[in-house]
Amino acid sequence: MVQKLNDLTAGTPEENSTAHALSLTYSRQPNMSSLFNHASMAHNNHFFFEALSPSPPPISNSLTTQLNQDFGSLETLKQTMLSTANAMFGPGFVWLVKAKPSSNATVQSQEQRFRVLCTYLAGSPYAGAHWRQQGTDMNTVANQTAGAFGAFSVGGQRDAALAPGGTGVSPVLCVNTWEHVWLRDWGIFRKRNFVERWWECVDWGVVEARVPKTQGLRGRPFI
Amino acid sequence: MITRRLARPLSQSSSSAWVCPACIGSPFAPRQAAASILPQTRRQQPQQRRSIHHVPPLTYDATFQQDGIPNFISKYGYKIAWTEYQALMVQKLNELTAGEPYEHSLTKDLAIQFARDPMSASLFNHASMAHNNHYFFSTLSTHPSKLDNHPSLKQSLISTFGSIETLQMTMLDTASAMFGPGFVWLIWARDLDIVGTRRGGWRILTTYLAGTPYVEAGYRQQGIDTNTNNASSQSAYRGPISNNVGYMGQYTKANMDKAKLPPGGTNAQPVLCVNTWEHVWLRDYGISGKRAFLSDWWDTVDWGAVEQIAPKESKGPAQFIRY
């Protein structure tokens, strides 16, 4: 991945950008699909390996509480991620992300929630990489803000820097289901076993460190 | 995520010697395969139910299992890519079709039928993959026939591609550039040339994952794969244009209508494909060996098998018709 990335960026102004930044920049440019794929794959693969540990400590109570709030139980989260990974036909990633609903939702539902999401091949989970919902109209004056909510508020303008109506998505964990990861050690029939074993090797300390901190009352302060 | 309840417990199914009907009548299938297309003629216990789909027998399966595919895939690689993987596809296919009205359908028909049905995505994927994988292995043999032995086919390919080298490089470069697993197909597309040189033409097509090359399966929403094109080849691909003009050429009404169809024209007959899924080459070539795998594949293609599949009008030189 890194070799191809170097080949594709050598001599360009981007040669020093991070893989993550490259994947966000080029995700919507079909001419640059090869660059996007390699950058995004390099980033995703790294993300996967960073959260693995040979003898991970048990998951903390605070993270357990947060996950229970959004999934009911850790077991449900585990089964959701594993079943999703197992059901995907073809290689990709299954992500645990913390995500905010779109900016035109009500204030109460602005709070971030944990969600499971899957991407195929080198797909990117980051909202900056693609356009999800059509919400805020972008054709407005760029630098002024007005009001506490809406397209012209500070929050609205910040969201407008994302795709229109895009949500803020912060991945905290992923599993890489490309065949080259598990074929050698598990064989063609045992992808499910691979994913189950992966769950036991997750370093939840790393995951917890990745969770974005929310301010105040789980979201924007109500004025 | 949709989980499927089985129509009957798996414990009640047992394997049978059913053979994929695509093999019936083909030159590389054993003769006795013909009998097993009619399971009704066999006696069945009411409690026991046979699995309908089974790994189709390859002509050279016994040799491949023992020695691998010469100069190409080792016996271990063959075991993963065919024996085990195809068994996995067939097993899932049996689970997904058990008790349904289409349980006897061919994999190709299942793929075409369910390509546009998102609720049947898993069924489509497994049927299409089983079909594509079989296609790939059926053009490999222990003593592959060289293209030079099939002059009419060779001449026909040269008419389209300029040279066999160009065809080879195009297919291999395309396969190499694809990010992620899939297939690269050589297809004969009928009814393409309105000027009537050969009532068809050769095309190269890519499909990702378990995608199907058959045009009847539905519209390809993305006409070109931007992984395998550069700026100039992309600009050569026209989007839809509204007016039409003239009697012959690309702006006539007939040709404009054709342009709205998916690439491949009205009818596409695949004759050759290469399977670029990682499990096919990872064992024998390693993670950086995809290009070497593709080169070796080209040298291993049995052009005799390809010629048998190729439709009659695709073999032979172009004939010019005066208007």
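Nothing here was measured: the structure is a model prediction, and the numbers come from that model. Naming convention: chains lettered A, B, ... in sequence-line order (proteins, then strands); numbering from 1 in each chain.
A/Ile188 is listed as a side-chain neighbour of B/His279, based on a closest heavy-atom distance under 4.5 Å.
Atom-to-atom distance recorded for B/Gln91:CD and A/Phe189:CZ is 7.0 Å, nearest 0.5 angstrom. Atom CG of A/Leu183 is separated from atom OH of B/Tyr85 by 10.5 Å, given to the nearest 0.5 angstrom. The distance from atom CZ of A/Arg184 to atom CD1 of B/Ile287, rounded to the nearest 0.5 Å, is 13.0 Å.
The part of A/Met41 that comes within reach of chain B is its side chain, from C-beta onward, which places non-hydrogen atoms under 4.5 angstrom from that chain. For a residue to count as touching a neighbouring chain, one of its non-hydrogen atoms must lie under 4.5 Å from one of that chain's; by this rule A/Met1 touches chain B with the side chain only. There is no contact between A/Phe36 and chain B, counting heavy-atom distances below 4.5 Å. For B/Leu88, the parts lying under 4.5 angstrom from a heavy atom of chain A are both the backbone and the side chain.
Other residues, nucleotides and ligands contribute only 12 or fewer heavy atoms inside 6.0 Å of the NZ atom of B/Lys79. Sparse packing is recorded around OH of B/Tyr76, with 12 or fewer heavy atoms of other residues, nucleotides or ligands lying under 6.0 Å away.
Of all heavy-atom pairs spanning B/Gly180 and A/Leu121, the tightest one is CA-CD2, 3.9 Å.
Here B/Asn125 is the residue among B/Asn125, B/Leu282, B/Leu209 with the most heavy-atom pairs under 4.5 Å with chain A.
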